[in-house]
Amino acid sequence: MTEQNLDNGTWQEAADREDTATVFVASQWKLMYWRFRKHKLAVFSVLVLVALYVVAIFADFFAPYDHNKQNTKLLFVPPRVIHFVDADGNFSLRPFVYGLEQQVDARTLTKTYTEDTSVRYSVQFLVKGDPYEMFGLIEGDTHLFGLEGEERSLFLLGSDRMGRDMLSRIIHGSRISLSVGFVGVVISLVLGVLIGGVSGYYGGIIDTVVQRIIEFLQSIPTIPLWMALAAAMPVYWSPVKIYFAILVILSLIGWTGLARVVRGRFLSLREEDFVMAARLAGAGEMRIIVRHLVPSFLSYLIANLTLSIPGMILGETSLSFLGVGMRPPAVSWGVILNEAQKLRVVAQAPWLLLPGGFIVLAVLAFNFVGDGLRDAADPYAR
Amino acid sequence: MFRYILRRLIYMIPTLIAVSIVTFVIIQLPPGDWLTSYIARLSSTGETVDQATIESLRVRYGLGQPVYVQYAKWMGNLLKGDFGQSFEWNKPVLDLIKEPMALTFVISFLGLIIHWIVAFPVGVYSAVKQYSVGDYLFTGIAFVGAAIPQFLVALVLMWYVFVQTGTNITGLFSPEYREAAWSVGKVIDLLKHSVTPVLILGLLGSAGLIRTMRAMMLDELRKPYVVTGRAKGLKESRVIIKYPVRVALNPFVSTVGWSLPGLISGTTIISIVLGLPTTGPILLHALMSQDMYLAGSFLMLLSVLTILGTLVSDVLLGVLDPRIRLSD
């Protein structure tokens with residue numbers, strides 16, 4: 001466009017545009033946020049994860065029952081169906097379930113359940129139920145939803161071999177299963193940044209040694225190694241101790257990947273002009289690392305962290321599933337699945353496999369978020 | 001080339017020593033002296049404990065002596081082919097681990113081949129038809145596949161087949177072959193039974209390889225020589241297969257190294273679910289009953305063989321791509 005072609009009006013607009021252009025300065029984080037927002041699946045996954053973690057944190061409130069409460073009369077109840085329309089075709093806004101009728105097979109002694117349409121129990125919200133102490137501090141007995149009355153059980157996702165509510169167990173189990181990822185990644189992060197940073201910043205013989213160690217750790221098949229380490233935990237250890245031991249075991253391999261990322265970034269960044277400028281300005285090594293180098297690859301690091309959470313979750317689940325990780329009475333998704341190992345049991349109660357669905361959901365969500373973050377980590381790329 | 005292989009072999013030595021140390025530490029992990037617990041177990045079942053046997057065991061493993069002496073004795077025995085004694089089975093460890101180890105590698109290797117068979121066409125297709133429906137479909141499936149734990153698929157599949165057909169897909173051999181000596185029939189039986197675990201292993205793990213293959217192909221497709229080929233009037237299929245595909249094949253060899261640990265891990269856990277007579281169930285059992293020489297030997301051999309596999313893939317890569325063997 002040349003000036004001659006512009007009439008007065010366009011001049012004004014162009015000037016305005018220039019004005020607004022100087023007003024809008026987007027920081028790097030803002031650019032990343034914009035870019036991340038474009039990845040619709042990642043944004044959706046963030047919502048899924050937030051929901052999962054909120055439910056996990058306030059498990060006592062969201063779970064309809066105490067996850068260890070047994071009900072010896074209601075073993076292996078299949079997932080109940082929630083109705084809005086009753087047998088006569090009448091619609092009711094309040095959801096309800098029918099009563100349960102139990103038949104015992106005379107020959108195999110297995111129990112089967114059918115709906116008794118003559119009785120109906122409506123699902124209540126904010127119902128009084130099993131008492132709990134949230135975080136060991138807040139006492140309460142209000143649950144998000146449930147059935148009125150003590151002895152009837154909602155069993156939205158069925159019950160297990162001791163008549164415990166599967167949904168409540170899955171919700172409570174998510175506390176361990178989902179937190180393992182975060183805490184484990186923090187441990188791996190500290191180790192990874194420290195060792196990877198030293199390796200990449202100093203280079204030379206230190207770098208070679210660290211790289212050999214990483215290669216070695218990555219060449220051992222993880223599951224057998226984890227199994228061996230986990231099986232060495234004494235039986236009498238408390239669940240808390242076992243939980244932290246598992247974190248350490250998982251992080252033992254977990255840090256290697258992060259250390260590689262950090263090292264690679266250090267290697268490429270330390271030659272940059274801004275590092276040289278900082279050095280000429282008299283900045284100390286620690287200051288260069290913390291103030292100049294780390295911020296410039298922080299976004300990469302966050303993306304990589306997110307992508308390494310699923311591995312931790314799967315690791316804990318696998319160990320607990322095999323019976324060498326968390327053990328009952330502690331409950332995690334792996335511990336619940338452990339009971340579904342026998343074909344005979346699964347054939348009778350396939351809903352015992354449901355925690356697997358939650359594992360896949362959480363892992364997929366983390367993968368999508370990590371993918372979105374990785375794309376967003378470099379907002380200046382095409 | 002010879003120097004390249006030699007250098008790789010020398011690199012391996014510290015790694016192997018590290019593996020042996022880790023294994024030794026794991027053997028030593030359970031509290032107490034294993035011989036004491038062994039004697040306790042024997043006496044609790046009412047068996048008499050021969051004092052001479054105990055003494056010979058004590059000497060053989062250097063018990064009661066400093067840790068490094070024990071390690072040296074254990075290593076020395078290992079190099080002579082003596083992996084120690086399994087206390088649970090009361091047999092030399094070597095006799096117990098041969099067959100499971102072989103089966104583990106058969107399953108893992110077949111899984112690797114499935115990796116290749118799947119990843120090659122899918123990777124090439126996804127790159128050539130980038131952003132097509134097929135590309136999204138395949139990469140989407142691979143993405144989901146990578147998120148599903150293998151043991152879960154094994155469980156669900158086992159349950160589904162049982163409910164649908166009433167057959168139990170666990171195990172690797174039909175009853176009539178289980179104790180039989182090796183024969184053609186037994187091999188065919190083995191292959192038939194390994195379809196399920198191999199497919200689980202190969203299909204779920206192929207996501208990474210598909211990704212690398214696709215990315216490599218995309219890089220190559222943008223290079224000028226492809227344009228030159230087209231400009232000279234080569235057929236599209238020939239342009240793609242003859243040049244970029246050949247270059248993009250490198251990861252097929254190089255990924256063997258880093259996918260082996262994953263494959264062995266996968267085989268271990270799938271075997272435990274499906275009850276396959278590979279290392280998985282025996283390792284788990286040995287760990288549970290603290291039969292540490294057996295467990296340690298499994299861990300050691302699995303690691304050593306993985307490292308050897310990586311070595312082979314490095315050497316192959318050096319053969320295929322001169323840039324690699326010359327650069328370092």
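What you are looking at is a predicted structure, and each value in this text was computed from that prediction instead of being measured. Naming convention: chains lettered A, B, ... in sequence-line order (proteins, then strands); numbering from 1 in each chain.
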Task: Shortest non-hydrogen contact from R211(B) toward R374(A) - done: NH1-NH2, 3.2 Å

Task: Taking every non-hydrogen atom, the tightest pair across G323(A) and M288(B) - done: O-CE, 3.6 Å

Rounded distance (nearest 0.5 Å) linking atom [atom1] of [X] with atom [atom2] of [Y]:
| X | Y | atom1 | atom2 | answer |
| --- | --- | --- | --- | --- |
| F143(B) | N367(A) | CZ | CG | 4.5 Å |
| F321(A) | L155(B) | CZ | CG | 4.5 Å |
| W333(A) | L152(B) | CH2 | CG | 12.0 Å |

Open item on the list: Is P224(A) in contact with chain B via its backbone, its side chain, both, or neither, using a 4.5 Å heavy-atom distance?
Closed with: both

Task: Neighbour count above 12 (heavy atom, 6.0 Å) for L47(A) CG - done: yes

Open item on the list: So for atom OH, which belongs to Y53(A), do other residues, nucleotides or ligands contribute more than 12 heavy atoms lying within a distance under 6.0 Å?
Closed with: yes

Part of [X] lying under 4.5 Å from any heavy atom of chain A:
| X | value |
| --- | --- |
| T268(B) | side chain |
| V144(B) | both |
| I26(B) | side chain |
| A295(B) | neither |

Tell me, do [X] and [Y] make a side-chain contact under 4.5 Å, heavy atoms counted?
| X | Y | answer |
| --- | --- | --- |
| L225(A) | L299(B) | yes |
| E215(A) | Y11(B) | no |
| I223(A) | I264(B) | no |
| F151(B) | L322(A) | no |
| T317(A) | P149(B) | no |
| I269(B) | M227(A) | no |
| F162(B) | V346(A) | no |

Task: Most contacts with chain B, counted as non-hydrogen pairs under 4.5 angstrom, among A230(A), S318(A), P310(A) - done: S318(A)

TODO: Determine the option with the most heavy-atom pairs under 4.5 angstrom with chain B, choosing from P355(A), P350(A), G356(A).
DONE: P350(A)

Task: Audit row: Q150(B), L314(A), side chain to side chain contact (heavy atoms under 4.5 Å, CB included) steps and yes/no - done: CA-CA 10 Å; Q150(B) 290 155 331; L314(A) 288 179; over 6 Å; no

Open item on the list: Within the 3.5 Å criterion, strictly below it, is a donor on T306(B) or S219(A) matched to an acceptor on the partner's side chain?
Closed with: no

- [ ] Between chain A and each of V163(B), I272(B), V156(B), count heavy-atom pairs under 4.5 Å; write down the option with the most.
- [x] I272(B)

